[in-house]
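The block underneath contains the structure these notes are about, expressed in structure tokens.
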Amino acid sequence: MFYAISWFLSSALLALWSLTCWGLYAVTAWAVSGAGVLAGGASAMNAVPVPDWLRGWMPPGLAQEFGAVIASMGSMVQAALEAVPVLAGAGAVLAWAVWGIGAVILVALAVGFHVLIALLQRRRPNAIATAAAIVR
């Protein structure tokens, strides 16, 4: 029973970690793909579409502020793109590396919990039998 709970929680954490990494990669890829258009200044802001899934969750006032912040950062983004031309390709590699490190840590923790449960069950077989007898 404890093994199943431990592995279920570990699997749920791994799924949450995967979803988080994928979401951050999607936002980063969107930002990098629209960064070249932003170099034109505030007039180019209308050329960068806010994703439909993000637009549905943003209030109109926040959307305007979001647009103003992105438009004001156009020169910095352009300088970054000129300094690091492989930024778009490196995002996928970085996302896989971060996901892999996190996944290895989560699997190692799951194996550690599995071993801990096994050790606790070996040390206290009488305590478990006593607890079961009390419940009956």
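These numbers were taken from a predicted model, which means no experiment stands behind them. Atom set for the values below is all heavy atoms of this structure, side chains included, hydrogens, waters and symmetry mates excluded.
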Checklist entry - Out of curiosity, does Val104 fall in the hydrophobic cluster containing Leu16 (side-chain heavy atoms, cut-off under 4.5 Å, transitive links)? => result no

Checklist entry - If you measure from CG on Leu119 to CD on Gln121, what distance do you get to the nearest 0.5 Å? => result 10.0 Å

Item to check | Residue pair Leu14 / Leu106: nearest heavy atoms and the distance that separates them | outcome: CA-CD1, 3.8 Å

Next on the checklist: The test is side-chain contact (heavy atoms from CB on, under 4.5 Å); show your working for Ile105 and Leu109 and say whether it passes.
Outcome noted: CA-CA 6 Å; Ile105 290 170; Leu109 286 172; 4.2 Å; yes

Item to check | Hydrophobic cluster membership, Trp96 vs Trp17, 4.5 Å side-chain cutoff | outcome: yes

Item to check | Backbone N/O of Ala110 and side chain of Trp7: donor-acceptor pair under 3.5 Å | outcome: no

Checklist entry - Would you find a donor on one side and an acceptor on the other, under 3.5 Å apart, between the side chain of Ser6 and the backbone of Phe2? => result no

Item to check | Euclidean distance, Thr20 OG1 relative to Trp99 CH2, rounded to 0.5 Å | outcome: 13.0 Å

Next on the checklist: Would you say Ile117 ends up clustered with Leu13 if hydrophobic residues are merged whenever their side chains have heavy atoms under 4.5 Å apart, either directly or through other cluster members?
Outcome noted: no

Checklist entry - Going hydrophobic residue to hydrophobic residue with side-chain gaps under 4.5 angstrom, can you get from Met1 over to Leu116? => result no

